[in-house]
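One structure below.
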Number of protein chains: 2
Amino acid sequence: MATIKQIAKLAGVSIGTVSNVLNELPSVREATRKRVLTVIDSLGYQPSLLGRALRKDQTNMIVMIVPDITNPFFPGVVRGAEDVAFQNGYRLVLCNSDNDYAKESAYMRELRTYRPSGLIIVPADLSKGQEEARAYLNAGSAVVYVDRIPSRWRGDAVTSAHEEGAYEATKHLIALGHKRIATITGPLQGTSAVQRLAGFQRAMNEARLPVPTQYIQESNFNRAGGCEKAELLLKLRARPTAIFAANDLIAMGAIKAARRAGLSCPDDISIFGFDNLEIDDETTPALSTVDQFISELGARAAQIVINRVAGDKSAAKHICIPTCLRLRGSTGALKTRRATATGKKVVERKS
Amino acid sequence: MATIKQIAKLAGVSIGTVSNVLNELPSVREATRKRVLTVIDSLGYQPSLLGRALRKDQTNMIVMIVPDITNPFFPGVVRGAEDVAFQNGYRLVLCNSDNDYAKESAYMRELRTYRPSGLIIVPADLSKGQEEARAYLNAGSAVVYVDRIPSRWRGDAVTSAHEEGAYEATKHLIALGHKRIATITGPLQGTSAVQRLAGFQRAMNEARLPVPTQYIQESNFNRAGGCEKAELLLKLRARPTAIFAANDLIAMGAIKAARRAGLSCPDDISIFGFDNLEIDDETTPALSTVDQFISELGARAAQIVINRVAGDKSAAKHICIPTCLRLRGSTGALKTRRATATGKKVVERKS
DNA sequence: TTGTATGCGTTATCAC
DNA sequence: GTGATAACGCATACAA
């Protein structure tokens, strides 16, 4: 590995001059600059980011912590962040917290000593980790919370408009004629799940539709939970005709439960998701969902970090990215007792 | 940020002693050790990995480069590597090459100056990047190629048993009675695609089944390519009754093409995939596929890096992970002209 | 315009 | 057992 010292010797200048060339200071005579550059090229010299970081007390790394990269929601977020970071000369250090605060905390404490430019985090536990985050801020690293925000966090954050998206989705189901609409929420200790539930409730309230307590099922954000809770809903005497699922994985689980129960989606039950994962187009039926511009979440977070490093001292911002509905095959108008378009009779439900 | 110097002063010892405590050298008197440790705890001191790295000329980072984390194949690989790395005190720096050699090369050159312990790479271009890889080796970093291996690479590598898996899958289709079996391969400049094609060919040869040239379609490893090439196959006068797709995304595209053509999968055409992505269970029909233990690929690669760092000087190893078939709904026995189980008549094909 | 010297936080070597 | 010091590669303040 060539070092700045060798370059200096070979170019017949001091290391200070080489450093000035490297950092494009205008105070270097053109002839000198050329000579140094030639040597640099010929040796394929790359300045040591390690040495530079130690000296400047800052690296070009952005630490990004997500619960689990194999959850199909996160690759998009990571990719969005990575793209923006790369374009601006920053590099991403990816960590899976495994939804385990202990692991997240270990990552945070250790990686801070690399003096990263920033920390982008989808926290595992909303009630913890604030001291670690503050330690980053104190050390001069930007911190951005993404997707889930601890209630006490007062710094930068990026989320989707969970409440609004859920509200629009539910309103759409209501417009389709549904009156018995249930929801399967995510874990309610998380802000996103709470807000999506709030949006659902607001739409139902505005339409003066009742929401029996059994119509609100709390689940994990995965297929298994969605399937399990949907089974409960489908067994109810007053079976809902539509389900608003708090994310697409839950919705896919619900579709599976419906199929198992011998019900047709959307003829017997409409199912709405949230996320707009890439696979939504491939499921049968294709999933109607709230598109939350996943990669944008990461991209905006990375941009905040970059701006902060560049000296942006403005007040903490909470970027709320609007959602939009993607209507596909899993939702449809409420079928009445009359013959349907497909010629099948709709059996009146027992309730 | 507390430094070793402050710890030394507060504990009333020299920095050398603190360092000895940190590195658990036995030559520290127990009383001193306790005193130093107390100060460390009270300040929440974490040693600077930056300083340590500069001094030791090595960090605990492993650079991992994949083409695109949003391709559902890679999160599993990354996760497998990250888990093993984390357990052993290493951290993963994730990079997307975007299948672009220029970007991959930029990452490789720059991140090398962080003196990572290793490089785990799924290369974008099999014909390039060898000098960069060698530079890592020269700098004392382990290098492991994963999934795709440049033909001239003589170092460590981890792949699935592509040829064997494809062979088994094709044999299965043959055992189901299919005789007109086509394949949609991945890009044939990649080793994995070539080997899967080879396995397909071997099974067909052994069964003395002809493979007309139109029955081999080259595609990208994505849904769009699979759909497009399947459309070509399905238009052939001698339409195949089964397709072996070189990966699951291609297979999903093929299923879509079949649906568009009004064909039933698996009644009219059997489709076999490769990868065993998590979503395979969710498609309709569920996809029969070759399971290649995705996370194991990353895990084994990380383990190699760790072993090399620990001093393993043995000859370069190519770990070849066996595959196994996952039979689901997208494949079935060849239907003859007789009435099928569903009562539908199978129309004789024009060919 | 260029060179020299210092220090970033750590480990390792060598006195004591 | 412990302390003092050099060195890792670089940026920077200051001298020349």
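Quick note on labels: first sequence line is chain A, next is B, and so on, each numbered from 1.
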Please tell me whether A:E132 and A:S105 have a donor and an acceptor in their side chains that are separated by less than 3.5 angstrom.
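Per modelled atom types, A:E132 and A:S105 side chains form a pair under 3.5 Å.
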When you measure from every atom of DNA chain D, which of residues 8-18 of chain B have a heavy atom less than 4.0 Å away?
B:G12, B:V13, B:S14, B:I15, B:T17
Per the under-4.0 Å heavy-atom filter, residues of residues 46-60 of chain B near DNA chain D come out as B:L54, B:R55
When you measure from every atom of DNA chain C, which of residues 30-43 of chain A have a heavy atom less than 4.0 Å away?
A:T32
Looking at DNA chain C, which of residues 108-117 of chain A put a heavy atom within less than 4.0 Å of it?
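Listed by number, there are none.
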What ring pair (Phe, Tyr, Trp, His ring centres under 6.0 Å) pairs are there with at least one residue in [range], not counting sequence neighbours?
range                       : value
residues 37-85 of chain B   : none
residues 83-114 of chain A  : A:F86-B:Y107, A:Y107-B:F86
residues 133-155 of chain B : B:Y145-B:W153

For [X], is the [atom1] atom crowded, meaning more than 12 foreign heavy atoms sit under 6.0 Å from it?
X      : atom1 : result
B:E30  : CD    : yes
A:Q46  : CD    : yes
B:E278 : CD    : no

When you look at B:K317 and B:D312, which way does the salt bridge (charged side-chain N to carboxylate O under 4.0 Å, His left out) test go after all the steps?
CA-CA 11 Å; B:K317 31 171 114 350; B:D312 177 2; 3.6 Å; yes
Going by the rule side-chain contact (heavy atoms from CB on, under 4.5 Å), which residues pair with A:Q189 if we only count those two or more places apart in sequence or in a different chain?
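In terms of side-chain contact (heavy atoms from CB on, under 4.5 Å), with neighbours along the sequence ignored, A:Q189 is linked to A:P187.
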Side chains of B:D147 and B:T159 in contact at under 4.5 Å (non-hydrogen atoms)
no
Distance check, rounded to the nearest 0.5 Å: B:N23 atom CG versus B:L25 atom CG?
6.0 Å
side-chain hydrogen bond (donor to acceptor under 3.5 Å, both in side chains) filter on B:N71, not counting sequence neighbours, yields none
How would you give the extent of chain A contacts on DNA chain C, as first and last nucleotide 5' to 3' within a 4.0 Å heavy-atom cut-off?
C:dT1 to C:dG9
Describe the nucleic acid contact of B:T3 in one word from base, sugar-phosphate, nothing, applying a heavy-atom distance below 4.0 Å.
sugar-phosphate
When you check the gap from the basic side-chain N to the acidic O, do A:D125 and A:R148 get nearer than 4.0 Å?
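Judged by the 4.0 Å cut-off on N to carboxylate O distance, A:D125 and A:R148 do not form a salt bridge.
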How would you give the extent of chain B contacts on DNA chain D, as first and last nucleotide 5' to 3' within a 4.0 Å heavy-atom cut-off?
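The contacted stretch runs from D:dG1 to D:dG9.
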Could you go through the side-chain hydrogen bond (donor to acceptor under 3.5 Å, both in side chains) check for A:N99 and A:E104 one step at a time?
CA-CA 8 Å; A:N99 267 312; A:E104 174 181 299; over 6 Å; no
Sort out for me which residue in A:L92, A:I120, A:V122 forms a side-chain contact (heavy atoms from CB on, under 4.5 Å) with A:V78.
A:L92
Which pairs, with at least one residue in residues 294-306 of chain A and sequence neighbours excluded, count as a side-chain hydrogen bond (donor to acceptor under 3.5 Å, both in side chains)?
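Checked against side-chain hydrogen bond (donor to acceptor under 3.5 Å, both in side chains) - neighbours excluded - the pairs reaching residues 294-306 of chain A are A:Q303-A:N307.
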